Structure formats: structure tokens, C-alpha cells
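Just below is one structure, and these are the notes that go with it.
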Amino acid sequence: MSAPQGFLRRYVFSVDHKVIAKQFLFAGLVFLALGGFLAMLIRWQWAYPGRPVPGLHTLLAASDGAITPPVYQSIFTLHGLTMIFWAITPVLIGAFGNFLLPLQIGARDMAFPRLNAWSFWTFLLSGVLLLASFFAQLGTSGAGWTGYPPLSGPTGSPGVGQTLVVAAVFVTGVSTIMGGINYVTTVIRLRAPGMTWFRLPVTVWGLFLTSVLNVLFVPVLGSAALLLLLDRLFGTAFFAAGAAVGPRGGDPILYQHLFWIFGHPEVYILILPVWGVVSDLLSFFGRKPAYWYRGTVYALIAVTVLSALVYGHHMYQVGLHPLLGKAFMFFTVLISFPGMVLVMNWLSTLWRGSNRFTPPMLFALGTVFVFGVGGVTGLSLAGLLTDIYLHDTLWVVGHFHLTMAAAVFLGSMAALHFWFPKMFGRELNSRLATVHFGFTFVLLCLVFFGQLLAGWSGQQRRLADPYQYDFIKPLLPLNKATSHAAFLLAASQLLFVWNFFHSLFRGKKAEANPWNVGTLEWTHAPSPPPHHNFDTIPTVVRGPHEFSTDEAKARGTDWLPQAEGP
Amino acid sequence: MLAALPRDISADGHLISDALRRGLVEQAVLLGVLVVWLVLALVRFRASHAARADRGDSPRQVLTTLGVVAVIFLVVDGSLVTDAISATEGTLWNFAVPAADPDTVRVEVNAHQWAWDFRLAGPDGAFSTRDAPSDDDVLAWNELVVPVDTPVHLQLTSTDVVHGFYVPNLLLKTDVVPGTVRQLWFRATQLGTFEIGCAQHCGVNHYKMRGELKVLPKAEYQAWLREASKVARLGADREDVGARWGWAWKERPR
Ligand SMILES: [Cu+2]
Ligand SMILES: [Cu+2]
């Protein structure tokens with residue numbers, strides 16, 4: 001198989017999974033910057049409500065740089081949507097899924113390379129729709145990322161901005177489904193000879209299960225978005241209710257069911273790949289086999305199955321039948337069982353290891369901690385009783401940011417620092433990366449602990465000026481401190497930006513296997529891999545975590561490759 | 001104080017605050033174990049320590065892992081579930097309690113962008129509806145007046161979008177959804193004025209959807225109610241159909 005010639009076919013309209021991975025990576029990082037910028041505006045508003053944002057006098061000309069309530073609601077809506085659908089999804093699943101799946105299972109490309117390219121271009125189209133909504137009359141969506149009707153319906157949110165955003169979510173869903181089908185098929189059909197299910201790197205398991213969930217549940221989101229579009233554009237009333245609609249109305253709760261049937265699996269869609277990466281990296285840099293590998297895999301599968309049965313915990317306060325509420329609570333706490341198995345296995349992998357504190361390892365360890373905090377703080381939300389108080393407070397925000405933002409961000413950073421040499425053929429500056437890790441980890445913790453504290457004190461989410469409430473006024477110093485931590489966090493990301501671009505062009509040339517690990521992308525392909533990945537498809541003879549075994553020691557090393565030979 | 005739960009002013013709010021505090025302690029303990037284990041592992045087993053190829057999959061190791069997880073699960077998750085069921089079904093969501101009490105004050109709440117309308121039935125005990133007007137209904141805008149030490153039973157709906165009725169000092173909250181009637185009941189034990197908030201994003205002025213809960217001594221409440229319904233009767237306008245948004249009280253609404 002020879003590489004296509006010409007710049008356009010090689011780098012733009014490519015069907016090579018490695019090129020598409022980089023396209024997703026760069027697009028995702030751009031949206032990550034946008035989502036992060038919007039987060040800073042929210043934090044500014046909570047520290048200095050109504051005070052003009054420095055430097056935004058022209059962007060928000062009507063208010064001379066101040067964030068007005070309509071602008072504020074668009075900011076938090078688009079922050080959530082951008083981060084989930086246009087930053088985390090493309091980076092974690094689009095970039096790492098694409099890059100790693102074929103290389104780690106020993107395939108030359110994805111099962112459907114063209115579909116893969118279509119998935120990226122569809123994603124880009126959805127991004128254009130999203131950005132276009134900013135320029136719509138009446139502005140972009142302000143109904144929250146969950147887009148609950150009737151607020152997101154035609155009377156709640158008139159204006160084409162909301163329509164564009166719903167359409168963008170639908171289109172990005174199409175992209176995700178195309179990707180999901182491709183990943184699932186690739187892992188099932190294209191594993192190299194000898195690459196049995198229980199020899200797969202846990203990273204592949206995480207990405208595979210994520211893709212299964214995507215294929216099953218993103219269509220449900222699509223149906224919700226489609227019905228909402230019909231309500232908005234063609235006067236149907238699937239989700240309309242209340243005095244304005246009369247007896248003709250539908251049911252706004254129906255939307256919530258559809259949304260969360262997707263929405264809860266979505267949080268596992270975003271975290272499963274991270275769990276996989278962390279499971280592998282702790283073993284790689286502890287120079288020790290992953291503790292109870294099969295248990296980890298079974299735990300991931302259990303979470304995948306259970307994730308479909310717990311979505312009702314988002315709806316405890318809408319008036320579910322009591323039996324339904326109890327059932328959802330039961331399944332929700334049940335998820336903590338495989339969750340704890342996972343954490344126990346991670347900690348046991350580190351125990352008696354030979355732990356090397358490289359940047360990827362540091363990020364992986366940081367992930368373990370923030371995920372731990374995010375996990376335990378979720379217990380109070382899983383309980384019907386304690387959720388009555390915490391529902392819709394910043395406790396919820398802190399909890400899901402620790403899991404979906406902090407853990408996913410640190411996990412993605414672990415992956416990026418680990419696979420950067422393979423992706424780009426150059427090494428990142430590890431001292432700079434270590435400093436970046438230190439700032440990021442500490443500041444992420446401060447920011448989201450600050451949110452937990454404000455939520456514990458009862459502060460509701462999504463308030464344009466929280467201090468309208470007397471009981472929130474004493475929280476101003478806390479919120480201000482949290483905001484300043486967030487600003488520092490954003491500033492410290494410049495370390496990463498500089499390291500990334502400098503290393504991309506000037507970094508030390510990477511060897512084929514700088515980390516001395518046994519998975520196929522490191523042992524059987526140069527850095528970066530050629531168009532066809534492997535000269536000959538390797539035959540796999542063992543698992544991915546063969547460290548410090550007697551056989552390895554007999555060979556005078558501490559690791560064994562998954563496949564022998566060149 | 002960096003952060004604290006709101007002062008509980010109700011007879012049953014402690015069910016929630018106690019569970020919250022107990023949960024927080026359990027979470028801190030779990031997190032403490034995680035941190036100690038993590039730090040010990042990283043301090044003791046650095047690069048200089050030679051790793052052992054321990055796969056952790058012997059029957060003994062697997063049983064240990066599952067056993068530890070099962071114990072934590074039964075203790076922490078078990079108490080969480082049983083507490084939640086007994087407190088919600090026994091008290092907080094048990095509307096048979098206010099239904100059985102002859103003193104119970106019933107209030108209908110209509111949420112809309114961006115205010116709370118409260119309706120009390122007045123001396124005749126009937127709520128004014130579109131089809132059956134009742135002139136003595138007491139209507140209050142953003143102000144819920146209740147007697148102390150008396151069950152207050154709220155039924156809530158919304159005319160436009162989803163709102164969230166939230167009283168921090170009662171530790172209570174419920175979504176308020178158009179097309180359905182939600183319920184809440186409480187017994188205030190302390191006099192004073194306390195804040196009511198909207199918890200669910202409901203549009204541009206969500207942050208301004210603030211009301212007040214006024215808890216009065218019983219006698220003072222009765223006097224206030226008599227006076228207010230007298231004023232209501234005087235100002236009643238049968239042409240104003242929009243003001244009759246109430247509904248015939250049902251103990252088990254849809
Ligand atoms: Cu959930
Ligand atoms: Cu509201």
C-alpha cells in the first residue's frame with residue numbers, strides 16, 4: 001500500500017487514520033480554547049458581577065464589556081456544549097481513538113477509512129453551525145447545555161441561534177455515530193493474529209466500550225434533537241406544555257428522559273477512554289503488570305452496561321414514580337462497585353512497583369486523585385435524600401467537573417504526553433511538562449473544590465448575579481478566590497501551548513520506543529509510523545503489561561513486546 | 001466560615017442535613033484511604049525499588065479485592081440507600097402526614113418567568129379556579145406567609161418553563177414543571193423571613209426569581225389571613241379570568 005501523493009490528499013482530504021486523528025486533535029484543541037475562554041467569563045462574573053471584562057469592550061460593545069444576563073446565559077450554555085461535544089469528544093475519541101485503535105490492535109487502518117474521513121468533515125460542519133449561532137439575531141442558545149424545553153422551545157427561545165445549536169448537536173451526533181460504528185467494527189474485525197480480547201491494551205477496551213455506548217445512545221440524543229427541531233420549526237408540540245399551549249401540549253419531561261438516556265451514558269463515554277489509558281500507564285510506568293487485568297476489564301464492561309440503567313438520578317426532583325426513583329438510586333449506587341474495583345486495581349498496580357514519575361505518569365496519577373474526589377462526591381447526588389438539597393447547586397457542578405473536566409483533562413494530557421512522540425516523531429520537553437502538570441493539578445483541584453464548597457453552602461447553578469441572594473453574599477470571597485485560581489489555571493496552560501508547538505517543530509527526534517513498553521505501536525512501528533503502519537502485520541503472543549517477569553529478566557530487560565520479531 | 005449548610009428552620013430538615021454530614025464524613029474517609037495508599041505507594045516504591053511481576057489475579061487476591069469493595073459498598077452505599085428511602089417515604093415525600101393533620105395550610109404555587117405566585121384558599125377553603133370562582137383567595141406575589149409549627153403543604157406548577165422551588169433554610173427543593181403538579185411539605189419551627197430561590201435555569205432573569213418565606217406566630221398568621229382575605233374579597237374581579245389560575249385541591253395530583 002503506497003501513500004497518496006499531493007498535499008491535499010495527504011494532509012487535508014486524507015483517509016489515513018493517523019492524519020484524521022491529528023485533524024480531530026487540532027480542531028478539538030481549538031474548541032477547547034474557546035470553551036475555556038467562556039469558562040473564564042463565567043468565573044469573572046461570579047467574582048465581579050456586572051463589572052466590564054478587561055479587553056472585551058469591543059466584543060461586548062453594547063454593554064461596554066460587561067456581561068449582561070442574556071450574554072451570561074449564552075456563555076454558560078455554550079461553555080458546556082463546546083466542552084462536551086466539540087472539545088472532549090474529538091480529542092479523546094476522535095484523536096486518540098483514531099490514532100490508537102489500528103496501531104494498538106495491529107491493523108493498517110480503520111475498517112472504513114472513508115467513513116472515518118466523513119466523520120471528521122461532518123464534525124467540522126457541526127462546528128461551523130455552532131459558531132454560526134454566535135452571529136444569529138437574538139444571539140446563540142441560552143437554554144443551558146441540556147436544552148430543556150419549554151425554555152429551548154419556540155416561545156422559550158425564539159431566534160435562529162437556538163435552532164442552529166440544536167442542529168449542530170444533531171450533526172455532531174451523526175459524526176459521532178459514524179466514528180462509533182467504525183471503531184466498533186475495527187476492534188471486532190481487524191485485530192492482528194493472536195490479539196485476543198484479553199490481550200488488548202486497556203486503552204483499546206476503554207475506547208471500544210465508549211464506541212459501543214456512542215452507537216447505542218447518541219441516536220437517542222439525535223431523536224430528542226430532531227423532535228425539538230420539529231417543535232421549533234414546524235409547530236409540533238412534542239415537548240410543549242403549560243398555560244400557553246393548553247390541552248394540545250406534549251410533555252417536557254419526555255425530553256428529559258430522552259436527553260438523559262443519552263446524557264448519563266455520555267459521562268461514561270467521556271471517562272471510559274481515560275480509565276483505559278490510566279490503567280495502562282500505571283502499569284507501564286510502574287514497570288509492573290496491571291493488577292487483576294481481567295477484573296479491570298470486567299469492571300469497565302459492568303460500568304458500560306449499568307450506565308444505561310441509571311439516568312433517572314438526573315430527574316429525582318421532577319416527580320418520578322417512587323418505585324422508579326428507588327430503582328434508579330439502586331442502580332446508580334451499584335455503579336460504585338465496579339468503580340471501586342477499578343480504583344483498587346490502580347492502587348494495587350502502584351504498590352510494590354518501580355514507579356517512574358514521567359509527565360504521562362504524573363498526569364495519570366493526578367487523574368486517579370481527581371477522579372476519586374469526583375467519584376465520592378457523587379454519592380451525595382446518587383441518594384434520593386441528599387440530592388433534594390444538592391440538586392441544581394454548585395455541588396453538582398463541582399462533582400461533574402472533577403470527573404468530566406478535571407479527570408478527563410488530566411487523562412487526555414497523560415495520553416497526549418505519552419503518545420506525542422509516536423504521533424509527531426518528536427519529544428515534548430519533560431521538565432516543562434512537569435511544571436505544567438504541577439500548576440494544572442493544583443489549580444484544577446482548587447477550582448473544583450471551591451465549587452463544591454459553594455454548592456455545600458447552597459449556591460444554585462447558572463446565576464448571572466449570585467449575590468441577589470442574601471444567603472450567597474457571604475460566599476463572595478470564596479467565589480472570588482476560586483475565580484482567581486481559574487484564571488491562573490488558564491494562564492498556566494500557556495506552558496503547554498508553548499511546549500506543544502515548540503516540540504512539534506524543534507523537539508528532540510523521538511525513538512521508536514522511548515518508554516520501553518510492549519504494545520504494538522511502540523514495538524513494531526517507527527515514530528511516526530508510516531502510512532501503512534506496519535511493514536508486516538505482527539503476530540501477537542502475549543498481553544500488553546509484561547513487565548518485570550522472570551522471562552523478561554532472563555532476557556536482561558524488564559519488559560516484553562506483545563509480538564516477537566521485527 | 002468558608003462553607004456551611006444553611007441554618008435549618010424546620011422540623012424535618014435535619015433528616016437531610018444529618019445525611020449530608022454523615023455522607024461527607026464517609027466521603028472524607030474513603031478519600032483519606034485513597035490518598036494515604038497513593039502517597040505511601042509513591043514514596044516507598046520509586047524507580048529504585050525493583051518491581052515484582054504480581055498480576056493480582058490469584059483467587060485469594062481477587063477475593064480480597066472483591067471483599068474490600070463489598071464491605072465499603074454495603075456500609076456506605078447501603079446506609080445511603082436505606083436512609084434515603086426511610087426519610088423520603090416516611091416523612092419528606094409522605095403527603096399522608098399533612099393530609100391527616102386538620103391544621104395543615106394548603107398553598108397552590110404558580111411559577112412563571114420570573115416570579116412565584118402563591119394562593120391560599122381563604123376561609124371558605126376552596127381555591128378559585130377558572131370554572132369555580134372563589135373571591136376570598138389570598139394571592140401573594142413572591143411572598144409565602146405561613147404559621148409556625150404547622151404543616152404547610154405546597155402544590156406547584158409552572159405556566160411557562162421548568163423552574164426549581166428552593167428554600168435553603170428548609171433544605172428543600174423540587175423542580176416545577178409545566179403540565180404537572182409537584183408537591184412539597186414542611187413544618188417551620190422558627191420565626192422570621194427566609195429566602196426562596198429558583199434552582200432550575202429558566203431564562204434571562206433566572207437569577208432574579210427570588211421570593212421570601214415569612215414564618216409568623218400562629219395567632220398573628222390567623223389575623224393576617226383574615227385581613228388579607230377580606231381585602232381580597234373587596235378587590236375581587238370576576239371578569240379577570242387570568243387571576244383564577246388555581247385548581248381544585250386534590251391530595252394526589254397528577
Ligand atoms: Cu448521570
Ligand atoms: Cu425560575
Side-chain angles (χ1 to χ4, degrees), chain A residues 69-70 73 144 148 150-151 156 241-243 249 252-253 287-289 291-292 317-319 326 329 333 336-337 340-341 344 347-348 350-356 372-373 376-377 379-380 383-386 388-389 391-392 453 456-458 460 462-465 468-471 478 547-549, chain B residues 2-4 6 16 19-20 23 27 30-31 34 37-38 41-42 45-47 49-53 55-57 62 65 69 72-73 77 80-81 83-85 87-88 158-162 164 168 171-175 177-180 182 195 197 199-208 210:
Chain A
Q73 62 169 2
Y148 278 6
L151 184 59
I253 301 289
R287 313 307 289 171
K288 220 184 124 208
Y291 195 87
W292 194 23
Q317 307 307 329
V318 303
K326 278 185 280 185
M329 172 167 66
V333 299
S336 71
F337 199 102
M340 283 190 281
V341 169
M344 290 271 291
L347 293 169
S348 304
L350 296 171
W351 199 252
R352 301 217 170 110
S354 176
N355 297 301
R356 320 280 158 96
V373 188
V376 295
T377 52
L379 283 167
S380 309
L384 279 174
L385 177 61
T386 37
I388 296 175
Y389 173 70
H391 176 66
D392 276 330
L453 290 176
W456 181 260
S457 313
Q460 304 102 298
R462 299 168 163 178
L463 299 176
D465 177 3
Q468 293 280 320
Y469 288 94
D470 291 331
F471 80 99
L478 168 69
F547 292 98
S548 308
T549 59
Chain B
L2 202 55
I16 298 178
L20 281 165
Q27 290 159 30
L30 286 178
L31 207 60
L34 178 118
W37 193 344
L38 197 61
L42 298 180
F45 306 113
R46 312 169 70 99
H49 176 268
R52 276 214 349 241
R55 291 175 198 280
D57 57 359
V62 169
T65 303
V69 170
I72 300 175
F73 180 80
D77 299 51
L80 182 113
V81 168
D83 278 4
I85 292 178
T88 51
S158 160
T159 24
D160 41 42
V161 302
V162 182
L171 295 111
L172 282 184
K173 183 184 289 139
T174 178
D175 286 0
V177 186
T180 48
R182 284 288 291 148
E195 289 183 293
Q200 187 69 251
H201 175 56
C202 57
V204 176
N205 288 323
H206 163 55
Y207 73 112
K208 278 190 178 162
R210 178 183 174 281

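This one's a predicted model, so the numbers in the text were calculated from it and none came from an experiment.
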- Query: What are the two closest non-hydrogen atoms of B:Ala19 and A:Leu385, and how far apart are they?
  - Reply: CB-CD2, 3.6 Å
- Among B:Ala47, B:Cys202, B:Gly203, B:Pro168, which residue forms the greatest number of heavy-atom pairs with chain A at distances under 4.5 Å? B:Ala47
- Which heavy-atom pair separates A:Gln460 from B:Ala199 by the least distance, and what is that distance? CG-CA, 4.0 Å
- Message: Please rank A:Val341, A:Asp465, A:Leu478, A:Ile253 by heavy-atom pairs under 4.5 Å with chain B and give me the top one.
- Response: A:Asp465
- Pick whichever of A:Gly353, A:Pro252, A:Pro150, A:Pro69 has the most heavy-atom pairs under 4.5 Å with chain B. A:Gly353
- Could you check which of B:Val62, B:Leu20, B:Ile16 has the highest count of heavy-atom pairs closer than 4.5 Å to chain A? B:Leu20
- Item | Contacts of type side chain to side chain contact (heavy atoms under 4.5 Å, CB included), residue A:Thr377, not counting sequence neighbours | A:Val373, A:Trp395, A:His399, A:Leu452, B:Gln27
- Between B:Leu42, B:Val177, B:Ile72, the one whose heavy-atom pairs under 4.5 Å with chain A are most numerous: B:Leu42
- Item | Among the listed options A:Leu350, A:Ile388, A:Leu384, A:Thr386, the residue most often paired with chain B at heavy-atom distances under 4.5 Å | A:Ile388
- Message: Working to the nearest 0.5 angstrom, can you tell me the gap between B:Arg210 CZ and A:Leu463 CG?
- Response: 12.0 Å
- Look at A:Gly383, A:Ser348, A:Ser457 and state which one has the largest set of heavy-atom pairs under 4.5 Å with chain B. A:Ser457
- Message: Show the nearest heavy-atom pair for residues B:Pro6 and A:Tyr389, with the distance to one decimal.
- Response: CD-OH, 2.9 Å
- Message: I need the minimum non-hydrogen distance between B:Glu195 and A:Phe471, along with the two atoms involved.
- Response: OE1-N, 2.7 Å
- Task: Go through the atoms of A:Tyr469 and report whether side chain, backbone, both or neither lie under 4.5 Å from a heavy atom of chain B.
- Result: both
- Task: Heavy-atom distances under 4.5 Å only: say whether B:Gln200 touches chain A with side chain, backbone, both or neither.
- Result: both
- Message: Donor-acceptor pair, distance only, cut-off 3.5 Å: does the side chain of B:Arg182 make one with the backbone of A:Gln317?
- Response: yes
- Message: Below 4.5 Å, heavy-atom pairs only: which of A:Met329, A:Arg356, A:Arg352, A:Gln73 has the largest tally toward chain B?
- Response: A:Arg352
- Message: What I'd like to find out is whether the side chain of A:Arg287 reaches to under 4.5 Å of the side chain of B:Phe45, using heavy atoms alone.
- Response: no
- Identify the heavy atoms of A:Ser548 and B:Ala53 that sit nearest to each other, and give their distance. O-CB, 3.3 Å
- Task: Look at B:Arg52, B:Lys208, B:His201, B:Arg46 and state which one has the largest set of heavy-atom pairs under 4.5 Å with chain A.
- Result: B:His201
- Item | Heavy-atom closest pair, residues B:Asp77 and A:Ser336 | OD2-OG, 2.6 Å
- Item | Partner set under ring pair (Phe, Tyr, Trp, His ring centres under 6.0 Å) for A:His391, not counting sequence neighbours | none
- Note on the structure: Counting heavy-atom pairs under 4.5 angstrom with chain A, the leader among B:Leu30, B:Thr65, B:Leu34, B:Thr88 is B:Thr65
- Query: So, do B:Val162 and A:Val318 sit near enough that their side-chain heavy atoms are less than 4.5 Å apart?
  - Reply: no
- Note on the structure: Pair count under 4.5 Å, heavy atoms only, with chain A: among B:Asn205, B:Val81, B:Leu172, B:Asp57, highest is B:Val81
